[in-house]
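Below you'll find the structure, written out as structure tokens, and then a few comments.
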Amino acid sequence: MKSSYILSFHCPDKSGIQSKVSSLLFNNDAFLTDVQSYSDVESESFFSRIVFLVDSEGVISKISSDLKLLGQELNMEWSIDIEGRKVKTIIAVSKLGHCLNDLLFRAKYRNMPIEIVGVVSNHNDFKEIVEFNNIPYHYLPIEKNLDSKKRQESQFKEVVKDSGAEMVVLARYMQILTEELSNEWFGKCINIHHSFLPSFKGANPYEQAYSKGVKLIGATAHFVTPDLDEGPIIEQNIERISHYDNVEDLVRKGNDIESIVLARAVRWYAEKRVLINGSKTVVFT
């Protein structure tokens with residue numbers, strides 16, 4: 001029985017890249033089932049995601065060996081993964097649990113391709129629901145001083161390392177990561193911001209939006225960087241509001257958007273659809 005794999009890669013752009021990669025796969029008896037690519041003129045970079053079928057793991061070893069040589073020729077960064085493999089994920093949350101609850105449900109009942117291997121929180125509010133789902137809950141309190149923050153982040157890093165997590169999701173985790181940790185986790189740490197960035201960054205975006213009388217609110221899922229709320233954007237969505245809506249209405253509607261936007265970003269990342277392109281992303285959907 002054939003197995004399905006995903007090859008995703010990017011490299012400096014030039015003619016013939018996709019042809020060379022496709023020929024490599026063809027020469028190893030791979031059957032291509034989905035091919036997506038994008039040439040970015042501005043950054044002069046080429047991005048691609050290819051799903052293919054092969055007969056055995058031995059073939060994958062040969063493909064990987066051939067790709068290593070081709071990668072050197074093309075200055076290419078690439079990865080191969082089994083399609084549908086559940087990505088080990090740590091979720092961090094504070095005192096608002098709608099995104100956490102949504103991801104728990106999707107992972108268990110909606111075929112979200114992640115394995116939640118732990119939940120980290122600076123509060124104990126969601127310990128019961130997490131442990132009910134047989135997931136380790138790590139209560140890591142933090143005080144309002146730098147020493148406490150560094151100690152807590154050290155513990156956070158140990159949890160991620162010990163769990164083998166490949167992705168960290170900040171699901172309304174209301175703590176700003178230090179520059180050191182943001183850099184260390186760049187490309188694998190996703191945050192949900194309760195605003196349609198770049199508008200209304202920082203705290204209390206719904207109050208900011210209400211005071212400005214906006215007619216649209218939104219949410220943004222992005223990679224975490226040392227620059228607060230300015231990492232490469234993965235997904236956004238909006239909802240129309242009216243003068244009848246108060247701040248509580250905005251928060252209620254916003255919570256729904258946040259859950260949907262974060263779930264899409266997490267799924268796309270787990271399915272190897274998201275490639276970083278400088279300060280932007282390429283998302284093959």
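Just so we're clear, the structure is a prediction, and the values are computed from it rather than from any experiment.
- In terms of heavy-atom proximity, Ala221 sits nearest to Val261 at N-CG1, 3.6 Å.
- Ser39 and Asp13 share a donor-acceptor pair across their side chains, judged by distance under 3.5 Å alone.
- Annotation: the span from Tyr269 atom OH to Ile234 atom CD1 amounts to 8.5 Å, rounded to 0.5 Å.
- Partner of Val168 under the side-chain contact (heavy atoms from CB on, under 4.5 Å) criterion, chosen from Val159, Val160, Val120: Val160.
- Residue-environment remark: CD (Glu180) stays at or below the threshold of 12 foreign heavy atoms within 6.0 Å.
- Using a 4.5 Å heavy-atom cutoff, the side chains of Glu239 and Leu216 are not in contact.
- Here CZ of Phe52 is found 10.5 Å from CD of Glu83. Values are rounded to the nearest 0.5 Å.
- Between Glu166 and Arg85, at least one side-chain N (NZ, or NE/NH1/NH2) sits under 4.0 Å from a carboxylate O, which counts as a salt bridge.
- At least one donor-acceptor pair under 3.5 Å links the side chain of Asn28 to the backbone N or O of Leu24.
- Rounded to the nearest 0.5 Å, atoms NE2 (His138) and CD1 (Ile91) are 12.0 Å apart.
- At a threshold of 4.0 Å, the pair Glu73-Lys20 counts as salt-bridged, since one of the basic side-chain nitrogens sits closer than that to a carboxylate oxygen.
- No more than 12 heavy atoms of other residues, nucleotides or ligands shown are found within 6.0 angstrom of CD on Glu143.
- Not one N or O on the side chain of Ser163 forms a donor-acceptor pair closer than 3.5 Å with the backbone of Val117.
- Ser23 places a side-chain N or O within donor-acceptor distance of the main-chain N or O of Ser19, the cut-off being under 3.5 Å.
- More than 12 heavy atoms of other residues, nucleotides or ligands shown are found within 6.0 angstrom of CZ on Phe105.
- The two residues Ile50 and Leu25 have their closest heavy-atom pair at CG2-CD1, 4.0 Å.
- Linking ILVMFWY residues whenever their side-chain heavy atoms come closer than 4.5 Å, directly or via other members, places Tyr38 and Leu275 in the same cluster.
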Donor-acceptor pairs are to be reported for all side-chain atoms of residues 94-101 against protein atoms at under 3.5 Å, with residues two or more places apart or in another chain.
from  : atom 1 : to     : atom 2 : distance (Å)
Ser94 : OG     : Asn122 : OD1    : 2.9
Ser94 : OG     : Met174 : N      : 2.9
His98 : NE2    : Asn255 : OD1    : 3.3
His98 : NE2    : Glu258 : OE1    : 2.6

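- There is a side-chain donor-acceptor pair under 3.5 Å between Ser43 and Asp40.
- Residues Lys157 and Glu184 are paired through a salt bridge, judged by an N-O separation under 4.0 Å between the basic side chain and the carboxylate.
- The shortest side-chain heavy-atom distance between Phe26 and Leu32 does not fall under the 4.5 Å cut-off.
- The nearest pair of heavy atoms linking Asn191 to Val224 is CB-CG2, 3.6 Å.
- Between Asp125 and Val93 the shortest side-chain heavy-atom distance does not fall below 4.5 Å.
- At least one donor-acceptor pair under 3.5 Å links the side chain of Gln152 to the backbone N or O of Leu140.
- Using a 4.5 Å cut-off between side-chain heavy atoms of Ile, Leu, Val, Met, Phe, Trp and Tyr, with links allowed through other members, Val87 and Ile6 fall into different hydrophobic clusters.
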Assess the residue pair Ile17 and Lys14 against the criterion (side-chain contact (heavy atoms from CB on, under 4.5 Å)); give the C-alpha distance rounded to whole Å, side-chain angles, the decisive distance to 0.1 Å, and a yes or no. CA-CA 7 Å; Ile17 296 171; Lys14 64 179 182 179; 4.1 Å; yes
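- Two residues are said to be in side-chain contact when any heavy atoms from C-beta on lie closer than 4.5 Å; Asn183 and Pro226 meet this criterion.
- Between Phe9 and Phe46, the ring-plane angle classifies as tilted under the 30° and 60° cut-offs.
- Note that CD1 of Ile217 and CG of Leu250 are 4.5 Å apart. Values are rounded to the nearest 0.5 Å.
- Heavy-atom contacts from other residues, nucleotides or ligands closer than 6.0 Å to NZ of Lys2 number more than 12.
- Under a cut-off of 6.0 angstrom, the local environment of CD in Gln72 is crowded, with over 12 non-hydrogen atoms contributed by other residues, nucleotides or ligands.
- Of the possible polar contacts, one joining the Asp245 side chain to the Ser242 backbone as a donor-acceptor pair under 3.5 Å is found.
- The environment of Ile176 atom CD1 is sparse: at most 12 non-hydrogen atoms of other residues, nucleotides or ligands sit within 6.0 angstrom.
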Test log, rule side-chain contact (heavy atoms from CB on, under 4.5 Å), inputs Ile82 and Ser4: CA-CA 6 Å; Ile82 300 173; Ser4 185; over 6 Å; no
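- Not one N or O on the side chain of Ser37 forms a donor-acceptor pair closer than 3.5 Å with the backbone of Phe47.
- Judged by distance alone, the side chain of Gln36 and the main-chain N or O of Thr285 form a donor-acceptor pair under 3.5 Å.
- Nearest heavy atoms, Lys68 versus Trp78: N-CZ2, 3.9 Å.
- The main-chain N or O of His123 is found under 3.5 Å from a side-chain atom of Ser121 such that the two form a donor-acceptor pair.
- Here the CZ-CG distance, from Arg267 to Leu103, works out to 10.5 Å after rounding to the nearest 0.5 Å.
- Taking all atoms of both residues into account, the shortest heavy-atom contact from Cys11 to Asn75 is CB-O, 3.7 Å.
- Cluster annotation: Val169 is connected to Val274 through the hydrophobic network of ILVMFWY side chains, with a link wherever side-chain heavy atoms come within less than 4.5 Å.
- Using a 4.5 Å cut-off on side-chain heavy atoms (C-beta onward), Val282 and Phe284 make contact.
- Residue-environment remark: NZ (Lys280) stays at or below the threshold of 12 foreign heavy atoms within 6.0 Å.
- The residues Arg151 and Asp147 are annotated as not salt-bridged, no charged nitrogen and carboxylate oxygen being separated by less than 4.0 angstrom.
- Between Leu104 and Ile135, some side-chain heavy-atom pair lies under the 4.5 Å cut-off.
- A salt bridge between Arg264 and Glu235 is present, with a side-chain N of the basic residue lying under 4.0 Å from a carboxylate O of the acidic one.
- Linking Ile, Leu, Val, Met, Phe, Trp and Tyr whenever their side-chain heavy atoms come within less than 4.5 Å puts Val35 and Leu70 in one cluster.
- Between Phe156 and Ile90, the shortest heavy-atom contact is CE2-CG2, 4.1 Å.
- Looking only at side-chain heavy atoms (C-beta outward), Ile233 and Gln236 come within less than 4.5 Å of each other.
- Side chain of Glu153 to backbone of Thr178: a donor-acceptor contact under 3.5 angstrom is found.
- At a threshold of 4.5 Å between non-hydrogen side-chain atoms, the residues Val130 and Asn133 do not count as touching.
- In the model, Glu115 has no side-chain atom that pairs as donor or acceptor with a side-chain atom of Thr89 under 3.5 Å.
- Salt-bridge check for Arg49 with Asp34: passed, with a basic side-chain N closer than 4.0 Å to an acidic carboxylate O.
- A search for salt bridge (Lys or Arg N to Asp or Glu O under 4.0 Å) contacts involving Asp66 returns Lys62, not counting sequence neighbours.
- In this structure, CD in Glu271 is found 11.5 Å from CG in Asp81, a value given to the nearest 0.5 Å.
- Following chains of ILVMFWY side-chain contacts shorter than 4.5 Å, one can reach Ile190 starting from Ile257, so the two form part of one hydrophobic cluster.
- In this structure, a donor-acceptor pair under 3.5 Å is absent between the side chains of Glu230 and Thr225.
- Salt bridge status for Glu248 with Arg252: absent, with no side-chain N to carboxylate O gap under 4.0 Å.
- Heavy-atom contacts from other residues, nucleotides or ligands closer than 6.0 Å to CD of Gln18 number more than 12.
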